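The structure appears below as structure tokens.
All chains are named by letter (A, B, ...) in the order of the sequence lines, taking the proteins before the strands, and each is independently numbered beginning at 1. Treat the numbers as computed from the prediction; the structure is a model and nothing was measured.
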Amino acid sequence: MIETKAVRVRFAPSPTGHVHIGNIRAAIFNWLYARHTGGEFLLRVEDTDLERSTDEAKATLREAMAWLKLDVDGEVMYQSQRRAAHLAAAGELEASGAAYALAGADNKGEAVCFRMPWDSKAYEKVGPAKLDVHPEVPVTVSHAGVKYALVSKKGKAIEESGCLAGFSGLRLYDANDVCLYELASPETVLAGKAEFTVEHVVRMEFQRRQVVFEDLVKGRMTKPLDGIKDLVIVRSTGAPVFHLANVCDDIVQEITHIIRGDDHVENTFRHILLYDAMDQKPPAYAHLPMIVNAQGKPYSKRDGDAYVGDFRTRGFDPDALFNYLTLLGWAPGDDREKLSREELVAAFTLQRVRSAPSQMDLKKLAHMNGQYLAELPLDTFMEGAREALAEHDWGRGVNEELFRSVCELMQSRTQLYPDVAVWTYFFSDELEYDPKGVRKFLQKEGVQEMLSELRAALDSTDFEEAPLEAAIHAIERAHDIKEGKLNQPIRVAVTATMVGAGLYETMVLLGRERSLARLDYAIENLCGEGE
RNA sequence: GCGCCCAUCGUCUAGUGGUUAGGACUCAAGGUUUUCAUCCUUGCAACCGGAGUUCGAUUCUCCGUGGGCGCGCCA
């Protein structure tokens, strides 16, 4: 019988700035996985870099998560408070011989360095390796690794180094094919009892080994051990390094699945060895593809739209953004795209995550946002609209009843909240008439006359949809033009634009006084033949 | 430079050893609508290249090419 441990995942951002769209996507995937499996979603704030971590960043982080409704289970862990535990772990590693002291380059003290273990379950033999070495640079072999120089195409020396474990069965040869050195007993070297510097080496041979782990989205991952370096886990200042803190805390929080950005793949090869050295079983890993900008490049500080808060101020709905971001690098496998939280939770699996980077498409996001806005409860829509309206002078302190009616009328045709900028004509009398509309619909033969007649007729017309329509149609019939032909001229006259909701409804909302005043203004000042 | 990873319409993606390679956004053309939006119909548009395996490769393998990531006493 297999006992399956309850899933525990975490989002572990470092609060050094605004929350990046890629970061929050990692949070979303973690959250989805936790909810899908009935596990727990933890938050760990990695604020060990005290100089760059700010309270403001911590606050915006929590805001962004709350906005996207990413509810956290359990206590939030602040990594800065775990420093003692991290240092203790480093001490144990050093005591057991798994880590060693490293003299600081600037003589400021000793750092602690984790040595890639000589043996591990994660290693796998891949056969012999042969490397050409630059003869003028001596090869050094010590418990801290092997340093050597390869030869570039132009004959220059390229300095390289790798952990000692990467060079099992190492042999160094000179130009006469004489073996100058053989790593016969790694124990002696590992214990720091012997160190070698060998000159005039032109070739090195060793048994290549690689580190292996199974990634839930990328599959089997391998990396040659000789390309891996030992890892500083405590700085010479005495501060624990990310790698140590990260692994220690994941152990303490009993994290079962680490779901994070692709940029951490390389760390994983070393982290699993750290787990090993601490006698812990590594968690499962899932590395998510990166999100890139419209140029196909990673988001940088120059991309203003990379921060979660920006999406909010630009008028996106959190559920729409959540839905869209979920679809970046993941798909349910059928043709569904607009999915509710529940549907997303039900459908989400790590197996279906892609492993190629994907680009944001703001147009598609906006389209989806429009769908979400249209379905929002009126009161929720009003909140967002009110916020966006407050950006405009004419949009503050508006009549509540009118505002509600306008929202009702316009909700279905609003894609982004800032689109409410076009609602001016409902709330203000300072209108800027669309010149194209004026030319096309008002400065036409007969329009002035018909509008005048309509104006007169409206004095005795109820401002309700049906009577308005009837009155307009009567004029049209009298002038022998198609019903509806007069609507656009009227629209331009009373709203100053060519687009909007139904004309009759719009006029009702505008009310008699405003509608007639604008009609008067238009007849007097805007009509007449254009030249 | 070295290492790891990736590659289907412009973009997000589905999919298969034999399919008219499907959907969505965008764009274009129609229809509905008093206009706009919604909605509906139609259209444009993709398997990076080359070898190999195979009766057959977009799919499997290898080699290129392109892209991303990593190579810190940052996280």
(request) Please list, chain by chain and in numerical order, all residues satisfying ring-ring contact (aromatic ring centres under 6.0 Å, His included) with A/Phe427, sequence neighbours excluded. (result) none
(request) Can you tell me, in whole Å, how much space there is between the C1' of B/rA14 and that of B/rU32? (result) 31 Å
(request) Ignoring backbone atoms, establish whether A/Arg235 has a side-chain N or O less than 4.0 Å from OP1 or OP2 of B/rA75. (result) yes
(message) Walk along nucleotides 2-12 of chain B from 5' to 3' and tag each nucleotide B, S or - by protein heavy-atom contact under 4.0 Å, base first, then sugar-phosphate.
(response) -BBSSSB-BBB
(request) For B/rU19, give its Watson-Crick or G-U wobble partner with both distances under 3.5 Å, or none. (result) none
(message) For the C1' atoms, the ones on B/rG72 and on B/rU13, what distance do you get once it is rounded to whole angstrom?
(response) 37 Å
Show me, pair by pair, the donor-acceptor contacts under 3.5 angstrom made by side chains of residues 419-426 of chain A, not counting sequence neighbours?
unit_1, atom_1, unit_2, atom_2, d
A/Asp419, OD2, A/Gln415, N, 3.1
A/Asp419, OD2, A/Leu416, N, 3.0
A/Thr424, OG1, A/Ala421, O, 3.0

Solution key, residues 484-495 of chain A side-chain donor-acceptor pairs under 3.5 Å, sequence neighbours excluded:
unit_1, atom_1, unit_2, atom_2, d
A/Asn487, ND2, A/Tyr504, OH, 3.1
A/Gln488, OE1, A/Arg491, NE, 2.9
A/Gln488, NE2, A/Met498, O, 3.1
A/Arg491, NH1, A/Ala501, O, 3.0
A/Arg491, NH2, A/Ala501, O, 3.0
A/Thr495, OG1, A/Arg491, O, 2.8
A/Thr495, OG1, A/Thr497, N, 3.2
A/Thr495, OG1, A/Thr497, O, 3.2
A/Thr495, OG1, A/Thr497, OG1, 3.4

(request) Round to the nearest Å and state the distance from A/Asn323 atom CG to B/rC25 atom C1'. (result) 13 Å
(request) For B/rA24 and B/rG15, measure between their C1' atoms and round to the nearest Å. (result) 15 Å
(request) Can you tell me, in whole Å, how much space there is between the C1' of B/rG56 and that of B/rG1? (result) 42 Å
(request) Assign the ring pair A/Phe29 / A/Phe348 to parallel, tilted or perpendicular, where the plane angle (0 to 90°) is split at 30° and 60°. (result) perpendicular
(request) Rounded to whole angstrom, note down the P distance from B/rU59 over to B/rG52. (result) 14 Å
(request) Can you check each nucleotide of nucleotides 33-47 of chain B against protein heavy atoms at under 4.0 Å and return B for base, S for sugar-phosphate only, - for none, in 5' to 3' order? (result) -BBBB----------
(message) What's the gap between B/rC62 and B/rC39 when it is taken at their P atoms, as a whole Å value?
(response) 46 Å
(request) Scan residues 9-23 of chain A for pairs that pass salt bridge (Lys or Arg N to Asp or Glu O under 4.0 Å), counting only residues two or more places apart or in two chains. (result) A/Arg10-A/Asp250
(request) Provide the distance between the two C1' atoms, one in B/rA57 and one in B/rU16, to the nearest whole Å. (result) 11 Å
(message) Applying salt bridge (Lys or Arg N to Asp or Glu O under 4.0 Å) as the test, list every pair that has at least one member in residues 349-358 of chain A; sequence neighbours left out.
(response) none
(request) Kindly write out the residues that satisfy side chain to side chain contact (heavy atoms under 4.5 Å, CB included) with A/Val292, not counting sequence neighbours, or none if the list is empty. (result) A/Pro357, A/Gln359
(message) Could you identify the nucleotide paired to B/rA24, looking across every strand shown and requiring Watson-Crick or G-U wobble geometry with both distances under 3.5 Å?
(response) B/rU11
(message) Below 30° counts as parallel, above 60° as perpendicular, anything between as tilted: where do the rings of A/Tyr417 and A/Phe381 land?
(response) tilted
(request) From the options B/rA75, B/rG1, B/rA14, select the nucleotide whose nearest atom is closest to the side chain of A/His264. (result) B/rA75
(request) Using a cut-off of strictly less than 4.0 Å, decide whether A/Lys363 has a side-chain nitrogen or oxygen near OP1 or OP2 of B/rC27. (result) no
(request) Mind jotting down which residue pairs meet the salt bridge (Lys or Arg N to Asp or Glu O under 4.0 Å) criterion with at least one end in residues 322-339 of chain A? Sequence neighbours excluded, please. (result) A/Asp334-A/Arg336, A/Glu337-A/Lys364, A/Lys338-A/Glu375
(request) Write down the distance separating the C1' atoms in B/rG50 and B/rC25, rounded off to the nearest Å. (result) 34 Å
